[in-house]
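Residue numbers start at 1 and run along the sequence shown. This one's a predicted model, so the numbers in the text were calculated from it and none came from an experiment.
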Amino acid sequence: MQPIELNKRIDTLDYLRGFALLGIILVNIPGLMLINLPDTSVDIAYDRFLTLFVEGKFFTIFSFLFGVGFYIFISRAMAKNENAYRLFIRRIIILLLIGLVHFYFQPGEALTIYAIFGLIALPFYKVRKEINLTIGLILLAVTAYFGVKIVMPFPLILLGLAAGQYRIFEKIHDNRKRIAIMTVIMFFISIGGLLHQWHYVPDAMVDFNNITEDEYAKHVTNVEQFPLIGLQFSPFVSAFYVGLLMLLLQLPIFQILLSPLKDYGRMALTNYLGQTALILIIGNAFHLIENIRLVQSLWICIGIYIFQLLFSKIWLKFFKFGPFEWFWRMGTYWTVPSLLKTSTSSKNRS
């Protein structure tokens, strides 16, 4: 195996992290804003859109990327003759502590889950990539099929680890044809899954006072199956999203057009926590909690997108890391890293 490059950031991973954050906030905001179930045609249509194209798809990408980052961190630490496992455990403990605080404000948060499964996945670093790939695929198939969403991050982390072992993100240019074939296959499977899911879309308005027993049973089945099927096919849709973005980023025009996502993704931890903070601040300051409809939450998300994308761009012009990334790094290495950029500063460690 070729030694991993010590300091070179893999820009594609930052783009993907930024992309994942765009979807995560759309799913998290209804719970934080205590939004009631959709009861208008516009809200119902938007809810259907989220279930079909967003729910379960972006957290899948984020979990997978956590596994890739896990591999890169340990590999680079080992290449520098550092105690990689000790550093990783410190890194995970810091993440767990941040997650526990975040959990107080956002019970649906993912950092604590990543920390727990990251520790469980640690021994798999030395396991052969073929085994990690096989175990990850089998566990993902089982957890997705039964809709056990809380456990799905573990196989996704293993698959991210395997992707790192296969050096997929370091050899995108050499593997464009394979990535394109995979993306096309994922596209057709996704279309089939979405059509199958749509077959179970619940009726928008149901008059329970004038409904037969069979119609009621069918409605209950649809309510249960519609989100479940979406979760079952979410890995395929997520893989399509990732593959498509990887291919687009091989073209300079898309690197420029999507460049705000790169800085957004470089500050993924800060922006993930910031999403919760901004939603709660806006909700409480303007008395929006329990007082807005689902589709109105989209406009709040768009406002947060604009603010965070601009903030990330400006912040990284002057600083090497995001605020929480800097804190996370300090806790990992037990040193106070330089935060300000200088003209002579070298590229930072990932």
Side-chain angles (χ1 to χ4, degrees), residues 16 19-33 35-66 106-110 113-114 136-157 159-160 182-206 217-245 275 293-295 297-298 301:
L16 288 170
F19 176 68
L21 284 171
L22 296 181
I24 286 172
I25 189 175
L26 297 176
V27 176
N28 286 343
I29 192 170
L32 289 168
M33 284 289 192
I35 297 173
N36 293 323
L37 293 173
D39 56 4
T40 68
S41 58
V42 175
D43 279 346
I44 290 170
Y46 180 54
D47 182 60
R48 300 287 186 265
F49 169 81
L50 291 178
T51 307
L52 287 166
F53 300 105
V54 181
E55 175 67 41
K57 281 72 175 178
F58 290 83
F59 107 93
T60 296
I61 297 173
F62 216 58
S63 302
F64 171 78
L65 293 175
F66 182 84
Q106 161 58 312
E109 76 94 36
I113 295 172
Y114 290 161
L137 288 173
I138 293 173
L139 290 180
L140 181 59
V142 172
T143 54
Y145 179 79
F146 289 104
V148 191
K149 185 177 179 180
I150 195 170
V151 183
M152 285 177 66
F154 179 65
L156 289 165
I157 289 170
L159 291 175
M182 181 276 294
T183 303
V184 171
I185 293 172
M186 293 299 107
F187 171 75
F188 284 110
I189 295 176
S190 298
I191 292 298
L194 290 169
L195 291 174
H196 176 55
Q197 183 181 5
W198 187 254
H199 178 71
Y200 288 90
V201 64
D203 292 330
M205 300 294 182
V206 178
K218 181 181 178 182
H219 178 73
V220 171
T221 298
N222 289 347
V223 168
E224 294 173 348
Q225 290 297 311
F226 185 59
L228 175 60
I229 294 170
L231 191 62
Q232 291 170 342
F233 280 92
S234 63
F236 299 105
V237 181
S238 300
F240 167 68
Y241 289 165
V242 170
L244 180 61
L245 192 55
Q275 288 178 352
R293 294 186 291 108
L294 181 61
V295 74
S297 70
L298 174 61
C301 291

Can you tell me how the ring of Phe53 sits relative to the ring of Phe49, calling it parallel under 30°, perpendicular over 60° and tilted otherwise? tilted
Nearest heavy-atom neighbours spanning Leu26 and Leu22: CG-O, 3.6 Å
Any side-chain heavy-atom pair of Phe146 and Val151 under 4.5 Å: no
Counting C-beta onward and ignoring hydrogens, is there a side-chain heavy-atom pair between Met152 and Leu140 closer than 4.5 Å? yes
Below 4.5 Å, heavy atoms only, C-beta onward: do Pro155 and Leu137 meet side chain to side chain? no
Only counting residues at least two apart or in another chain, list the ones meeting side-chain contact (heavy atoms from CB on, under 4.5 Å) with Pro202. Arg48, His219, Asn222, Val223, Phe226
Gln197 side chain near Thr51 side chain, heavy-atom distance below 4.5 Å: yes
Ser297 and Met33, any side-chain heavy atoms less than 4.5 Å apart: no
Could you give the distance from CZ (Phe236) to CD1 (Ile185), rounded to the nearest 0.5 Å? 11.0 Å
Measuring only between side-chain heavy atoms, which start at C-beta, is Asn28 closer than 4.5 Å to Gln106? yes
Between Phe233 and His196, what is the ring plane arrangement, given parallel below 30°, perpendicular above 60°, and tilted in between? perpendicular
Nearest 0.5 Å, please: how far is CZ in Phe58 from OG1 in Thr60? 10.0 Å
Going from CZ on Arg293 to CG on Leu298, what distance comes out if it is rounded to the nearest 0.5 angstrom? 11.5 Å
Side chain to side chain donor-acceptor pair (under 3.5 Å) partners for Gln232, two or more places apart: none
Any side-chain donor near an acceptor of the partner, Tyr114 and Ser63, under 3.5 Å: yes
Atom CG in Leu156, atom CD1 in Ile61: separation rounded to 0.5 Å? 10.5 Å
Within 45° cone and under 6.0 Å: Lys149 NZ/CZ vs Phe59 ring: yes
So, the side chain of Gln275 versus the backbone of Leu21: is there a donor-acceptor pair under 3.5 Å, distance only? yes
Which distance, rounded to the nearest 0.5 Å, do you find between the CZ of Phe66 and the CD1 of Ile157? 5.5 Å
Any donor-acceptor pair under 3.5 Å linking the side chain of Asp47 with the backbone of Pro38? no
Atom CD1 of Ile24 and atom NZ of Lys57: how far apart are they, to the nearest 0.5 Å? 14.0 Å
Please work out which of the three classes, parallel, tilted or perpendicular, describes the rings of Tyr241 and Phe19, given edges at 30° and 60°. perpendicular
Looking only at non-hydrogen atoms, find the nearest pair between Gly193 and Ile229 and report the distance. O-CG2, 4.2 Å
Is Val42 close to Tyr46 at the side-chain level, that is, under 4.5 Å between some pair of heavy atoms? no
Sidechain-backbone polar pair: Ser234 side chain, Leu231 backbone, donor-acceptor under 3.5 Å: yes
Any non-hydrogen side-chain atom of Ile150 less than 4.5 Å from a side-chain atom of Ile113? yes
Please name the pair of heavy atoms, one in Leu294 and one in Pro30, separated by the smallest distance, quoted to 0.1 Å. CD1-CG, 3.7 Å
